Number of protein chains: 2
Amino acid sequence: MASTERPMRADARKNRDLLVAVARQHVRRQGITTSLEAIARDAGVGPGTLYRHFPDRESLLAEVLRIENDELAAARDRVAREVDVADRLDAWLSEVERHIATYRGLSGPLVGALEDAEPTPLGSVCAEMLVATEQFLADARRAGVARADVTAHDLLGCAAMLAWLGSTCPAGSRQADGARDILRRGYRADR
Amino acid sequence: MASTERPMRADARKNRDLLVAVARQHVRRQGITTSLEAIARDAGVGPGTLYRHFPDRESLLAEVLRIENDELAAARDRVAREVDVADRLDAWLSEVERHIATYRGLSGPLVGALEDAEPTPLGSVCAEMLVATEQFLADARRAGVARADVTAHDLLGCAAMLAWLGSTCPAGSRQADGARDILRRGYRADR
DNA sequence: GCTGAACCGGAGGGTGCCTCCGCTCGACCG
DNA sequence: CGGTCGAGCGGAGGCACCCTCCGGTTCAGC
């Protein structure tokens, strides 16, 4: 289907890429509620152009994340390779938390996408994280370091909560650390 | 100090009370990001009037909560009286979570107030919850059902996280239940 | 080069935030 | 009870943002 579509016009492609690049900067700095108009301005295009390429905030966001997701995949492989199985799940969840927390305000929409039945732009990003988490959870269970009644879905929810708490508190606060410790003891089988 | 100030003019008092009442409805229905202009409109006053009584969103919110806080205090007394010490802390934290979750979006500002050094309008609301939580935590420790390294501050953070997760998911989702179980096992000493 | 379809960008209507200022009306005094 | 004056009112207005629509422009294939 997609293969039968003719390729994008060169100027359209350029604008689209530029918009995603500028959006990435803005979202990193201002969080996901950053002004779309400002992104268009900075990219030197009109608002109409932005809205044609990305009909709503979420599709633009999904595109930004799609690019960034390579980083998370790399982290996943690194964790699987280098971290001892006893701490692998912890390490992975930390990565997920850090990834989510990169963009202030992302945790909300992400949890929404985790729940939503119909596929949203953010859905695929979520699905990937869920698969990896299931993998790590299975490993941990086999090694006897994760409780049996905890699900990957729950764990992602926990990571999102922590990311939320961390980016809600004033920067530099250790508020999330206590909660993280409590959560760890709650899903691990060995403490 | 406050006692030397002359009492409010009757019309001002009336407007102020009306605004708080209308705001309460709106915030309950729409969450804390509800439109302040709409509140003013519904109360039949101009925006200027609203902003003189409540210079920013947070002071209006704090006033709404101050009224509602009686409910939480009642819950606190009921829990202290009726619930067995083994489950008292759990019961109290559930109440806190429910209370916070009543107003969609409240968890963020509340956590902020929990951290802030200088007193914000929401600060006193927080302080009250913190005191009660410390009390219940101390009881639980004495009864041997709470881990020693958990702080009341951490627990409030956890309640806020759960409230956040609960009101972020589409209504009726059980997403928060898993996280709540994990957290409970994390702070309790007996499971 | 020509042509038409794809694409552009900005004007504009709607909403919300917050401020400022001229007028009103309630409180108190004589 | 009537007058005064200042607290209080409310709406106009400036600003930012969201999103849509459409007349003009530019690319791509012939």
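Order of the sequence lines fixes the chain letters, A, B, ..., with proteins taken first and strands second; residue numbering starts at 1 for each chain. Because the structure is a prediction, the values reported are computed rather than measured.
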Let's see if you can work this out: which of C:dC8, D:dC17, C:dG16 has an atom nearest to the side-chain heavy atoms of A:His53? C:dC8
Rounded distance in Å - CG (B:Asp17) to P (D:dG8): 14 Å
Once you round it to whole Å, what is the distance between P of C:dG16 and CD1 of B:Ile39? 11 Å
For the student: nearest non-hydrogen atoms of A:Ser167 and A:Arg104, plus distance: O-CD, 3.7 Å
Quick one: on DNA chain C, does B:Leu36 or B:Thr49 contact a more 5' nucleotide (nearest heavy atom)? B:Leu36
Heavy-atom pair with the smallest gap, counting every atom of B:Ala160 and B:Val111: CB-CG2, 3.5 Å
Tell me, with the steps shown, if A:Arg147 and B:Arg185 meet side-chain contact (heavy atoms from CB on, under 4.5 Å). CA-CA 11 Å; A:Arg147 307 209 188 219; B:Arg185 276 203 307 251; 3.2 Å; yes
Is the shortest side-chain N/O distance from A:Arg13 to OP1 or OP2 of D:dC27 below 4.0 Å? no
Per A:Val45 side chain, nearest of listed nucleotides C:dG9, C:dG10, C:dG16: C:dG9
Decide yes or no for B:Leu155 and A:Ile182: does some side-chain heavy atom of the first lie under 4.5 Å from some side-chain heavy atom of the second? yes
Using whole Å, what does the distance between atom C1' of nucleotide D:dG8 and atom CG of B:Leu18 come to? 15 Å
Remember a base hit wins even if backbone is also touched, and classify A:Asp56 as base, sugar-phosphate or nothing at under 4.0 Å, heavy atoms. nothing
Taking the nucleotide of DNA chain D with the closest heavy atom to each, which residue, B:Ala12 or A:Thr34, is nearer the 5' end? B:Ala12
Between the side-chain atoms of B:Arg9 and the base atoms of C:dA27, is any donor-acceptor pair under 3.5 Å? no
Could you tell me the separation between the CZ atom of A:Arg16 and the P atom of C:dA6, rounded to a whole number of Å? 17 Å
Between D:dG11, C:dG16, D:dC17, which one does the side chain of B:Arg41 approach most closely? C:dG16
Counting side-chain heavy atoms from C-beta on, which of C:dC7, C:dC17, D:dC17 comes nearest to B:Ser35? C:dC17
Out of C:dC18, D:dC17, D:dC27, which nucleotide sits closest to the side chain of B:Glu37? C:dC18
Within this structure, what is the CD1-to-C1' distance between A:Ile32 and D:dC18, rounded to whole angstrom? 16 Å
B:Asn15 side chain, from C-beta outward: closest of D:dC18, D:dG10, C:dG16: D:dG10
What nucleotide among D:dG8, C:dG10, C:dT19 has an atom nearest to a side-chain atom of B:Tyr51? C:dT19
Expressed in angstrom and rounded to an integer, what is the separation of A:Arg57 atom CZ from D:dT20 atom P? 13 Å
Going hydrophobic residue to hydrophobic residue with side-chain gaps under 4.5 angstrom, can you get from B:Val85 over to B:Trp92? no
Roughly how many Å is it from CZ in A:Arg52 to P in D:dT26, rounded to a whole number? 15 Å
